[in-house]
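Please read the structure below before turning to the comments.
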Amino acid sequence: MSDVNHKHILKKFYDQLLEDVDPDKVGIHLAQSKTITEMELRALIINEGRMQTLLRMIANKGQEAYEEFLKALEKEKCFVAYHLLKEEKAISDYKLKETIEKLRKIKEELLPLKEKAAIEKTTFKKERMEKG
């Protein structure tokens with residue numbers, strides 16, 4: 001997966017995640033993958049607001065936990081995974097466009113310097129030949 005702000009994505013789809021995701025099934029997958037501990041899984045089972053707790057855990061554990069969460073959603077055929085991945089792609093595409101634009105600007109800035117360096121190199125060679 002790409003380097004995206006997983007907290008932003010979780011926040012954007014928070015209500016849909018609360019509605020569509022079974023925290024028990026996803027929690028078991030996350031415990032099996034060692035993304036959450038057995039103690040955290042037990043806390044999910046007994047607490048009110050289980051999905052909120054699970055989302056908070058995922059947000060706090062970082063990008064790898066978010067990626068494992070996506071795998072769990074896909075395994076459970078939870079359609080909200082599609083929305084998360086689509087958002088991730090949109091963010092990555094935007095970052096890519098920004099990077100390409102920055103590189104284009106740098107190239108524009110470097111072109112005159114490259115031309116100037118070529119002229120100076122030619123001038124230097126002529127001067128050396130005239131002296132030598």
Side-chain angles (χ1 to χ4, degrees):
M1 305 261 162
S2 60
D3 181 27
V4 298
N5 187 337
H6 64 279
K7 289 182 181 182
H8 163 77
I9 295 173
L10 291 173
K11 188 174 184 178
K12 181 172 181 175
F13 293 96
Y14 186 79
D15 291 336
Q16 192 171 358
L17 287 163
L18 291 180
E19 188 175 314
D20 295 346
V21 176
D22 180 346
D24 294 328
K25 290 179 181 177
V26 172
I28 290 169
H29 175 86
L30 294 173
Q32 289 172 343
S33 67
K34 306 285 189 233
T35 303
I36 63 173
T37 65
E38 290 294 325
M39 185 182 293
E40 289 171 323
L41 179 61
R42 275 188 242 118
L44 281 178
I45 294 170
I46 62 171
N47 282 344
E48 289 289 318
R50 296 175 311 154
M51 195 60 209
Q52 293 95 325
T53 302
L54 180 61
L55 291 174
R56 198 169 28 258
M57 285 180 195
I58 298 302
N60 292 333
K61 287 181 179 275
Q63 187 67 31
E64 287 182 26
Y66 170 75
E67 290 174 15
E68 200 59 45
F69 177 66
L70 278 175
K71 288 178 190 175
L73 294 177
E74 290 173 334
K75 182 179 178 184
E76 294 302 321
K77 297 179 180 29
C78 187
F79 192 70
V80 73
Y82 165 78
H83 295 294
L84 300 178
L85 290 167
K86 186 177 174 185
E87 181 70 13
E88 192 173 306
K89 182 183 179 322
I91 292 169
S92 295
D93 288 350
Y94 178 78
K95 287 181 176 181
L96 178 61
K97 286 179 185 176
E98 278 187 330
T99 302
I100 288 169
E101 182 60 24
K102 286 177 185 175
L103 289 172
R104 186 190 62 75
K105 288 179 182 179
I106 291 170
K107 185 177 178 182
E108 286 177 4
E109 292 172 5
L110 287 176
L111 195 57
L113 295 173
K114 184 178 176 183
E115 291 169 354
K116 183 179 175 184
I119 292 169
E120 288 178 1
K121 181 178 177 182
T122 304
T123 304
F124 178 75
K125 282 184 177 180
K126 283 182 185 177
E127 289 175 356
R128 266 182 69 198
M129 288 178 76
E130 288 174 0
K131 287 183 182 179

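Bear in mind that the values here come from a model prediction, so they are computed numbers and not experimental data.
Counted within 6.0 Å of CD on Gln16, heavy atoms from surrounding residues, nucleotides or ligands total more than 12; the atom is thus considered enclosed.
Heavy-atom minimum distance, Ile9 versus Leu84: CG2-CD2, 3.4 Å. Shown here for Ala81 and Glu74, the closest heavy-atom pair between the two residues is CB-CG, 4.0 Å. Listed here is the closest heavy atom pair of Ala59 and His6: O-NE2, 3.2 Å. Pairing each heavy atom of Cys78 with each of Val21, the nearest pair is SG-CG2, 3.8 Å. Of all heavy-atom pairs spanning Val26 and Ala72, the tightest one is CG1-CB, 3.8 Å.
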* Verify side-chain contact (heavy atoms from CB on, under 4.5 Å) between Leu55 and Lys11, making sure each step is shown before the conclusion. => CA-CA 9 Å; Leu55 291 174; Lys11 188 174 184 178; over 6 Å; no
* **Test log, rule side-chain contact (heavy atoms from CB on, under 4.5 Å), inputs Thr99 and Tyr94** => CA-CA 9 Å; Thr99 302; Tyr94 178 78; over 6 Å; no
* Evaluate the criterion side-chain contact (heavy atoms from CB on, under 4.5 Å) for residue pair Leu73 and Tyr82; output intermediate values, then yes/no. => CA-CA 9 Å; Leu73 294 177; Tyr82 165 78; over 6 Å; no
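Using a 4.0 Å cut-off between a side-chain N of Lys or Arg and a carboxylate O of Asp or Glu, Lys89 and Asp93 qualify as a salt bridge. Salt bridge annotation for Lys71-Glu68: present, with a cationic side-chain nitrogen under 4.0 angstrom from a carboxylate oxygen.
Ring-plane geometry between Phe79 and His83 is classed as perpendicular, the angle between the planes exceeding 60 degrees on a 0 to 90 degree scale with a lower cut at 30.
Applying the salt bridge (Lys or Arg N to Asp or Glu O under 4.0 Å) definition to pairs two or more places apart or across chains, those involving residues 47-57 are Asp24-Arg50.
The backbone N or O of Thr37 lies less than 3.5 Å from a partner atom in the side chain of Glu40, making a donor-acceptor pair.
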